[in-house]
Amino acid sequence: MVLATGVAGAVLVPAAGRGPQATGATATPETSLPPSAVTPGPGVPTPDLPGALPPLGQPTADPIGGAPGEVLTDWATQVGQRVVISEVAMRAYGYAELVLARTTPGCQLTWTTLAAIGLVESNHGRANGATLQSDGLASPHIIGLPLDGKGDRQLIADTDDGAMDGDPVYDRAVGPMQFIPTTWDENGADADNDGVKNPHDIDDAALAAGNYLCKGGRNLSTAQDWWNAILSYNDVRPYAQAVFEAANRYGTESRT
């Protein structure tokens, strides 16, 4: 949700650029951007879950192995080794794809897109010296610079009395997928069924990012909707380009 500086694959500090977009954009991709959608990676397996996946934000009484995403551990480990993404982060991206395939099937969101955003936003939960814990939490929390209008950052006055970002004056983007408070309030999810929607948890944040990208009836298997979705996340051409390159690379490397 912040402007990417540098090239795809670099460790990008979340607060390095312009602030996140709080509302969906309808920007049309620049003509210099590649015209096609990204190369999909190997499909996420569809394990035999007992019954339907739980509704977003609603914990289950008996989650599988503590969190539904844990059924993807083997897949996440194998594919993660190919694309150099931790098993914890891969599991979050893959589970988000599974959930959206059931809740919003027309969106056709794939894990490669979420992984690319996760790379550009926080290097998969490792920006600013953070480490992604086994439970999905980034420690210490990843907090962006204040959106105070300085430099190339947006001006977004505080909207939550600092409850989410610790800043009672300006909003800040937080967590592995870099949400600002208002956007999290609209799209937040409880993917690991612990009863809490936590933007600092990559499981919750990845599913929330999927919720956001799939808004408005988008079909992310088409080039126009894919680009519009990414530009709605951050309406900056270098950002969208970096996400495209990373997603395309993940799709290619995961099949090798």
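We're numbering straight along the sequence, starting at 1.
- Of the possible polar contacts, one joining the Asp190 side chain to the Asn193 backbone as a donor-acceptor pair under 3.5 Å is found.
- No side-chain heavy atom of Met164 sits less than 4.5 Å from a side-chain heavy atom of Asp171.
- Contact detail for Gly125 and Pro176: the closest heavy-atom pair is CA-CB, 4.2 Å.
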I would like to know whether Lys215 and Glu186 meet salt bridge (Lys or Arg N to Asp or Glu O under 4.0 Å); could you show each step before the answer? CA-CA 11 Å; Lys215 278 189 169 183; Glu186 296 171 1; 3.7 Å; yes

Let's go through Leu100 and Leu207 carefully: what are the C-alpha distance in whole Å and the side-chain angles of both, what is the deciding distance for side-chain contact (heavy atoms from CB on, under 4.5 Å) to 0.1 Å, and is it a yes or a no? CA-CA 8 Å; Leu100 270 297; Leu207 181 52; 3.2 Å; yes

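- Distance alone, capped at 3.5 Å, places no donor-acceptor pair between the Arg126 side chain and the Thr131 backbone.
- To the nearest 0.5 Å, atoms OG1 (Thr113) and CD1 (Ile230) are separated by 5.5 Å.
- Closest approach of Ala206 and Ala92 over heavy atoms only: CB-O, 3.8 Å.
- Atom OG1 in Thr183 sits 6.5 Å away from atom CG in Asn187 (nearest 0.5 Å).
- Between Arg249 atom CZ and Thr112 atom OG1 the span is 11.5 Å, to the nearest 0.5 Å.
- Asp74 is linked by a side-chain hydrogen bond (donor to acceptor under 3.5 Å, both in side chains) to nothing, counting only residues two or more places apart in sequence or in another chain.
- With sequence neighbours excluded, no residue satisfies side-chain hydrogen bond (donor to acceptor under 3.5 Å, both in side chains) with Gln108.
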Step-by-step side-chain contact (heavy atoms from CB on, under 4.5 Å) determination, Asp165 to Asp160: CA-CA 8 Å; Asp165 55 20; Asp160 68 338; 3.9 Å; yes

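- Residues Asn234 and Val120 form no side-chain contact, since every pair of their non-hydrogen atoms from C-beta on lies 4.5 Å or further apart.
- Remark: side-chain polar atoms of Asp204 are paired, donor with acceptor, to backbone N or O of Asn198 under 3.5 angstrom.
- Pro181 and Thr159 make their closest contact through CB-OG1, 3.6 Å (heavy atoms, listed as atom of the first residue, atom of the second, distance).
- Taking CD from Gln154 and CD1 from Ile156, the interatomic distance works out to 4.5 Å, rounded to the nearest 0.5 Å.
- Counting heavy atoms from C-beta on, the side chains of Leu220 and Cys107 come closer than 4.5 Å.
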Under 3.5 Å, side-chain donor or acceptor atoms of residues 81-88 against the rest of the protein: list the pairs with distances, not counting sequence neighbours.
from, atom 1, to, atom 2, distance (Å)
Arg82, NH1, Ser254, O, 2.6
Ser86, OG, Ala89, N, 3.2
Glu87, OE2, Arg91, NH1, 2.9

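- For the pair Ala205 and Pro199, the tightest heavy-atom approach, listed with the atom from each and the gap, is CB-O, 3.7 Å.
- A heavy-atom distance below 4.5 Å is found between the side chains of Leu119 and Tyr250.
- Every pair passing salt bridge (charged side-chain N to carboxylate O under 4.0 Å, His left out) that includes a residue from residues 139-148 is listed here, sequence neighbours excluded: Asp148-Arg153.
- Linking Ile, Leu, Val, Met, Phe, Trp and Tyr whenever their side-chain heavy atoms come within less than 4.5 Å leaves Ile202 and Leu137 in two separate clusters.
- Side-chain contact between Asp158 and Val169 is absent, with no heavy atoms from C-beta onward closer than 4.5 Å.
- For Asp225, there are no salt bridge (charged side-chain N to carboxylate O under 4.0 Å, His left out) partners at least two apart in sequence or on another chain.
- The distance from atom CG of Asp167 to atom CG of Leu147, rounded to the nearest 0.5 Å, is 9.0 Å.
- A distance below 6.0 Å separates the ring centres of Trp184 and Phe179.
- Counting only residues at least two apart or in different chains, ring-ring contact (aromatic ring centres under 6.0 Å, His included) contacts with residues 133-174 comprise His141-His200.
- Among all heavy-atom pairs drawn from Asp203 and Ala191, the shortest one is O-CB, 3.2 Å.
- Between Phe244 and Trp227, the distance from one ring center to the other falls under 6.0 angstrom.
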For Trp75 and Trp111, what are the C-alpha separation, side-chain angles and deciding distance, and is it a side-chain contact (heavy atoms from CB on, under 4.5 Å)? CA-CA 12 Å; Trp75 171 86; Trp111 67 265; 3.7 Å; yes

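- Atom CG in Leu213 sits 11.0 Å away from atom OG1 in Thr104 (nearest 0.5 Å).
- Ring geometry for Tyr233 versus Tyr212: interplanar angle over 60°, hence perpendicular rather than tilted (30 to 60°).
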Tyr95/Leu114 under side-chain contact (heavy atoms from CB on, under 4.5 Å): CA gap, chis, key distance, verdict: CA-CA 11 Å; Tyr95 186 64; Leu114 292 173; over 6 Å; no

